[in-house]
Amino acid sequence: MILIFDVDGTLIDSVKAHAAAWQTAFSEYGFHFAFDRIRGQIGKGSDELLKEFLSPEDSDRIGEELSDRRAKVFASDHMHTVRPFPGVRELFERIHIDGHQLVLGTSAKGEELESYLKLLGIEGMTDGQTSSDDAERSKPHPDIFEAALAKVPGARPEDALVIGDTPYDAIAARRGGMRPIGVLCGGFSEEQLREAGCVAIFPDVAGILQRYDEIPWSASNN
C-alpha cells in the first residue's frame, strides 16, 4: 500500500500562518479580505486560491507577483511559528516497519517543503515527495497526488491512501482514483471532510498511530 501525505495542516501546524501571510500580501496590493475567509481556502494551491479572491484580469496582472510576495512574507514573518504535529516520525516508522510506502504530496513550494522536512525530522524517511513545481494544476485537481503516486514505480491509484486535512485533498484524491483519509487538525469539520469523500477520519496524525488498526487498508474496510 502507498500512503500519500499532505503536509500543511496535516503534518505541520501551519494553516493560520499561511492565511496570515496571504492576508498581508493581499493588503499590500490593496485587497482586504477577512482572515476566516482566507483560512477556508488554505489547502488549495496559489493558482486555485487566487481565483476565489481576484478577478481573472487582476489574477493575470498581479497573481504571480502576489503569490511570490505571500511566499516571502511567510518565510520572513511566519515560518518560525509553525510546528510539527505530534507523532509524525513515529507514524512514519510504523508505516515502514509494516512494509508500506510513503510519499509526500503537497502544494507547498519547494523551499517551504525542505524547511518542513527538517522541522519534522523525516529527511530520508519518504519514498518520494512532490511540491507545487511537480504539477500544472493544484488541488482540488488531482495532479499533485498523481505526481506523488508516480514516485512509486508501478503504483496504481487503487493501491493508494491519501491523508489530508482539507476537502480539497479529498476531492483531489477522489479525482485521481485514490481513497482519502481526513484529519481534523487543519480546522475543517468532520462533516466537511466526509462530504468531500473521506473514507475514514482521525483527529490528527497521532490519532492515526493510536488507532492504526482502523486504517481502511482495502476498499472493503470503508
Side-chain angles (χ1 to χ4, degrees), residues 1-20 22-23 33-45 48-49 51-52 81-92 94-95 98 100 102-108 116 120 138-142 144-146 148-149 157-222:
M1 180 65 68
I2 301 101
L3 288 90
I4 301 174
F5 281 84
D6 170 58
V7 179
D8 282 298
T10 301
L11 305 181
I12 292 281
D13 188 1
S14 58
V15 173
K16 290 181 180 179
H18 278 295
W22 273 114
Q23 189 175 45
F33 304 110
F35 179 84
D36 286 345
R37 183 183 171 195
I38 297 173
R39 180 176 176 173
Q41 297 298 319
I42 302 300
K44 295 180 178 180
E48 293 297 319
L49 183 147
K51 292 177 182 178
E52 298 295 326
T81 70
V82 306
R83 296 290 182 270
F85 286 116
V88 174
R89 185 177 179 89
E90 293 83 356
L91 177 60
F92 282 17
R94 175 68 185 273
I95 289 168
D98 286 354
H100 303 296
L102 193 158
V103 184
L104 302 182
T106 174
S107 295
Y116 290 161
L120 288 161
S138 65
K139 304 169 193 173
H141 297 289
I144 287 288
F145 294 143
E146 290 173 341
L149 189 68
E158 57 265 34
D159 297 327
L161 290 170
V162 173
I163 297 90
D165 67 298
T166 75
Y168 317 122
D169 294 309
I171 293 168
R174 286 290 190 188
R175 288 176 174 174
M178 307 168 212
R179 290 180 298 130
I181 290 175
V183 288
L184 298 171
C185 47
F188 286 92
S189 69
E190 181 171 351
E191 180 180 5
Q192 287 173 304
L193 295 176
R194 290 201 183 280
E195 286 180 353
C198 287
V199 299
I201 296 176
F202 296 86
D204 49 25
V205 171
I208 296 177
L209 184 60
Q210 291 168 359
R211 293 160 47 193
Y212 190 81
D213 292 340
E214 296 178 30
I215 296 174
W217 297 107
S218 68
S220 62
N221 296 135
N222 291 359

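All values derive from a computational prediction rather than experimental measurement.
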Taking the side chain as everything from C-beta on, heavy atoms only, tell me whether [X] gets closer than 4.5 Å to [Y].
X	Y	value
L3	M1	yes
I201	R194	yes
E190	P203	no
I181	P216	yes
P167	E195	no
V15	D165	yes
F85	V183	no
P157	L149	yes

- Task: On the 0 to 90° scale, with breaks at 30° and 60°, tag the F5-F92 ring pair as parallel, tilted or perpendicular.
- Result: tilted
Say you draw a straight line from [atom1] of [X] to [atom2] of [Y]; how long is it, rounded to the nearest 0.5 Å?
X	Y	atom1	atom2	answer
D159	H100	CG	NE2	11.5 Å
K139	L49	NZ	CG	13.0 Å
F202	L91	CZ	CG	9.5 Å
T166	Q41	OG1	CD	10.0 Å
L11	D6	CG	CG	7.0 Å
L104	L120	CG	CG	8.5 Å

Legend entry - Y168 six-ring centre to K44 NZ/CZ under 6.0 Å and within 45° of normal: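 The answer is yes, since K44 meets both limits relative to Y168.
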State, to 0.1 Å, how close [X] and [Y] come at their nearest heavy-atom pair, and which atoms those are.
X	Y	answer
A17	T81	CB-OG1, 4.0 Å
A170	C198	CB-SG, 3.8 Å
F145	M178	O-CE, 3.5 Å
G105	A148	CA-CB, 4.2 Å
C185	G9	SG-O, 3.4 Å

Quiz item: Less than 6.0 Å separating the ring centroids of W22 and F35?
Solution: no
Check your understanding: Does atom CD of E158 have more than 12 heavy-atom neighbours, drawn from other residues, nucleotides or ligands, at distances under 6.0 Å?
Key ->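 Atom CD in E158 is crowded, with more than 12 foreign heavy atoms closer than 6.0 Å.
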So if I apply the side chain to side chain contact (heavy atoms under 4.5 Å, CB included) rule between I163 and each of I4, I215, I208, V205, which one comes out positive?
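With I163 as partner, side chain to side chain contact (heavy atoms under 4.5 Å, CB included) holds for just one option, I208.
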- Do R174 side-chain atoms and P180 backbone N/O form a donor-acceptor pair below 3.5 Å? no
Criterion side-chain contact (heavy atoms from CB on, under 4.5 Å) on Y116 and S14, from CA distance to verdict
CA-CA 10 Å; Y116 290 161; S14 58; 4.0 Å; yes
query: Should the pair R94-E90 be classified as a salt bridge under the 4.0 Å nitrogen-to-oxygen rule?
result: no
* Basic-acidic side-chain contact under 4.0 Å: E48, K51 ->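 Salt bridge flag = yes for K51 with E48.
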